[in-house]
Amino acid sequence: MEIKSVEFVKSSAHPRECPPMDRPEYAFIGRSNVGKSSLINMVVGRTKMAKISSTPGKTQLMNHFEINGDDVAVKAGETSWYLTDLPGFGYAKISKSERVKWERTSKQFLEGRKNLLCTMMLVDSRLKPQKVDLEFMAYMGEMGLPFVLVYTKVDKLNKTERAEFQSKYETIMLKQWQKMPPVFITSAVKGDGREELLSFIESTNVLF
Ligand SMILES: Nc1nc2c(ncn2[C@@H]2O[C@H](COP(=O)(O)OP(=O)(O)OP(=O)(O)O)[C@@H](O)[C@H]2O)c(=O)[nH]1
Ligand SMILES: [Mg+2]
């Protein structure tokens, strides 16, 4: 699928402020600093759509981006869709009340957003499987929320390290799951995984 247009729609503090649920949506979720905003920029082919920072906790609101907006999409005979950048979790320096608020808002968003076809669960390929990530996937599984697993920053690993990471992650996942969810191996720096993510989205859009 070609990205013909990208437009920032709005930032929302609460699910009820989010744009209408009138088209397919994909949300990027994961720990602070995992690379959600960077990956969104890489996928849409813009360097500065979603704000990036080396300080964790940069994205505090839910940011909706409209891809191939109606005019363009209608012409091409495709649907327009949303990419959503969600605030990161698991940042050690935030207060307990902030953490509780994040969890409540995110869960309300995920459970109430009927047009959300899939959540992209990002995990950092430089770290060993993190408890909060595994717990969050368990929650999505219990709620029946579809998700895929996205390994980020693979440009930091060599070929052997990548293979090791994948096999370790799979071993841990398979203790909790009967089978692996779809996996995407990505680098926002090198562009790895872009085509794969876009073709996944294209084939999922038809389910809407
Ligand atoms: N080497 C490398 N660095 C990356 C990659 N993706 C992101 N980064 C870096 O990781 C840091 C965090 O990236 P962000 O995209 O802001 O992460 P985020 O998940 O949106 O973070 P929050 O908004 O704080 O939750 C930045 O310094 C990025 O430049 C990648 O694929 N490779
Ligand atoms: Mg961000």
Side-chain angles (χ1 to χ4, degrees), residues 11-19 21 24-40 43 50 56-64 81-153 165-186 193 197 200-201 204 207-208:
S11 295
S12 315
H14 192 274
R16 66 174 168 264
E17 295 162 14
C18 289
M21 301 187 230
E25 178 164 342
Y26 304 86
F28 283 49
I29 203 161
R31 297 167 68 248
S32 286
N33 218 42
V34 69
K36 298 174 292 296
S37 302
S38 304
L39 189 62
I40 286 180
V43 168
K58 177 72 190 170
T59 313
Q60 295 282 2
L61 298 165
M62 299 178 272
N63 291 309
H64 278 79
W81 46 283
Y82 288 131
L83 266 188
T84 310
D85 195 5
L86 296 177
F89 61 86
Y91 177 41
K93 283 191 188 153
I94 66 161
S95 64
K96 173 129 192 278
S97 68
E98 283 294 313
R99 190 154 40 232
V100 168
K101 199 172 125 217
W102 176 88
E103 193 168 321
R104 194 175 51 222
T105 310
S106 305
K107 289 185 173 175
Q108 266 176 26
F109 171 83
L110 295 172
E111 290 165 31
R113 197 81 187 151
K114 298 300 171 215
N115 60 326
L116 189 65
L117 294 189
C118 188
T119 297
M120 312 297 187
M121 173 75 200
L122 274 63
V123 301
D124 193 327
S125 66
R126 298 168 307 172
L127 307 177
K128 67 176 182 9
Q130 303 284 301
K131 195 164 164 258
V132 288
D133 290 338
L134 297 168
E135 282 172 0
F136 202 78
M137 285 186 265
Y139 151 77
M140 288 195 283
E142 278 160 25
M143 298 305 296
L145 299 165
F147 70 91
V148 297
L149 189 53
V150 177
Y151 301 147
T152 66
K153 308 189 186 183
F165 174 81
Q166 275 188 267
S167 103
K168 268 193 201 142
Y169 216 97
E170 203 169 310
T171 307
I172 299 231
M173 285 292 283
L174 292 176
K175 288 185 181 158
Q176 184 176 314
W177 299 86
Q178 268 169 358
K179 65 177 181 69
M180 284 295 281
V183 171
F184 296 89
I185 294 156
T186 70
L197 279 168
F200 172 79
I201 290 170
T204 309
L207 303 175
F208 189 73

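Bear in mind the structure is a predicted one, so any value in this text is a computation, not a measurement.
- Closest of all the heavy-atom pairs between Pro181 and Met173 is CD-CE, 3.8 Å.
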query: Which is it for Glu103 and Arg99 under the salt bridge (charged side-chain N to carboxylate O under 4.0 Å, His left out) test, yes or no, and what are the steps along the way?
result: CA-CA 6 Å; Glu103 193 168 321; Arg99 190 154 40 232; over 6 Å; no

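- Looking at Val148 and Val183, their side chains never come closer than 4.5 Å, going by heavy atoms from C-beta outward.
- Among residues at least two apart or in separate chains, ring pair (Phe, Tyr, Trp, His ring centres under 6.0 Å) pairs with a member in residues 94-113 are Phe89-Trp102, Trp102-Phe136.
- Evaluation of the salt bridge (charged side-chain N to carboxylate O under 4.0 Å, His left out) rule for Lys131 yields Glu135 as partners, not counting sequence neighbours.
- Taking Glu170 as the reference, nothing meets the salt bridge (charged side-chain N to carboxylate O under 4.0 Å, His left out) condition, with sequence neighbours excluded.
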From CA spacing to verdict: side-chain contact (heavy atoms from CB on, under 4.5 Å), Gln108, Arg16: CA-CA 9 Å; Gln108 266 176 26; Arg16 66 174 168 264; 6.0 Å; no

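- We find the CG-NE2 distance between Leu86 and His64 to be 8.0 Å, quoted to the nearest 0.5 Å.
- Not a single salt bridge (charged side-chain N to carboxylate O under 4.0 Å, His left out) links Lys101 to another residue, sequence neighbours left out.
- Evaluation of the ring pair (Phe, Tyr, Trp, His ring centres under 6.0 Å) test over residues 112-133, restricted to residues two or more places apart or in two chains, returns none.
- Of all heavy-atom pairs spanning Phe200 and Thr204, the tightest one is O-OG1, 2.7 Å.
- With rounding to the nearest 0.5 angstrom, the CG atom of Leu83 is 5.5 Å from the CD1 atom of Ile201.
- For Ser11, the side-chain hydrogen bond (donor to acceptor under 3.5 Å, both in side chains) partners two or more places apart in sequence, or in a different chain, are Asn63.
- Inspection of the Ser37 and Asp85 side chains reveals an N or O donor paired with an N or O acceptor under 3.5 Å.
- For the salt bridge (charged side-chain N to carboxylate O under 4.0 Å, His left out) test, no residue two or more places apart in sequence or in another chain qualifies with Arg104.
- Heavy atoms only, all atoms of each residue included: Val34 and Thr152 are closest at O-OG1, 2.8 Å.
- The side-chain hydrogen bond (donor to acceptor under 3.5 Å, both in side chains) check on Glu17 picks up nothing, with sequence neighbours excluded.
- Note that CE of Met62 and OG1 of Thr84 are 9.0 Å apart. Values are rounded to the nearest 0.5 Å.
- The residue from Asn33, Leu127, Val123 that alone fulfils the side-chain contact (heavy atoms from CB on, under 4.5 Å) condition with Lys153 is Asn33.
- With sequence neighbours left out, Lys168 forms a side-chain hydrogen bond (donor to acceptor under 3.5 Å, both in side chains) with no residue at all.
- In this structure, NZ in Lys128 is found 8.5 Å from CD1 in Ile172, a value given to the nearest 0.5 Å.
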Would you give me the side-chain donor-acceptor pairs under 3.5 Å for residues 110-122, sequence neighbours excluded?
{"unit_1": "Glu111", "atom_1": "OE2", "unit_2": "Tyr139", "atom_2": "OH", "d": "2.5"}
{"unit_1": "Arg113", "atom_1": "NE", "unit_2": "Glu25", "atom_2": "OE1", "d": "2.7"}
{"unit_1": "Arg113", "atom_1": "NE", "unit_2": "Glu25", "atom_2": "OE2", "d": "3.4"}
{"unit_1": "Arg113", "atom_1": "NE", "unit_2": "Asn115", "atom_2": "OD1", "d": "3.4"}
{"unit_1": "Arg113", "atom_1": "NH1", "unit_2": "Pro19", "atom_2": "O", "d": "2.9"}
{"unit_1": "Arg113", "atom_1": "NH2", "unit_2": "Pro19", "atom_2": "O", "d": "2.9"}
{"unit_1": "Arg113", "atom_1": "NH2", "unit_2": "Glu25", "atom_2": "OE1", "d": "2.8"}
{"unit_1": "Lys114", "atom_1": "NZ", "unit_2": "Glu111", "atom_2": "O", "d": "3.1"}
{"unit_1": "Asn115", "atom_1": "ND2", "unit_2": "Arg23", "atom_2": "O", "d": "2.9"}
{"unit_1": "Asn115", "atom_1": "ND2", "unit_2": "Glu25", "atom_2": "OE1", "d": "3.1"}

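- Applying the ring-ring contact (aromatic ring centres under 6.0 Å, His included) rule to Tyr169 yields the partners Tyr151, Phe165; only residues at least two apart in sequence or on another chain are considered.
- Here Leu134 contributes atom CG and Lys175 contributes atom NZ; the two are 10.0 Å apart, rounded to the nearest 0.5 Å.
- In this structure Tyr26 satisfies the side-chain hydrogen bond (donor to acceptor under 3.5 Å, both in side chains) test together with Asn205, sequence neighbours excluded.
- Remark: the backbone N or O of Pro15 is not paired with any side-chain donor or acceptor of Ser12 at under 3.5 angstrom.
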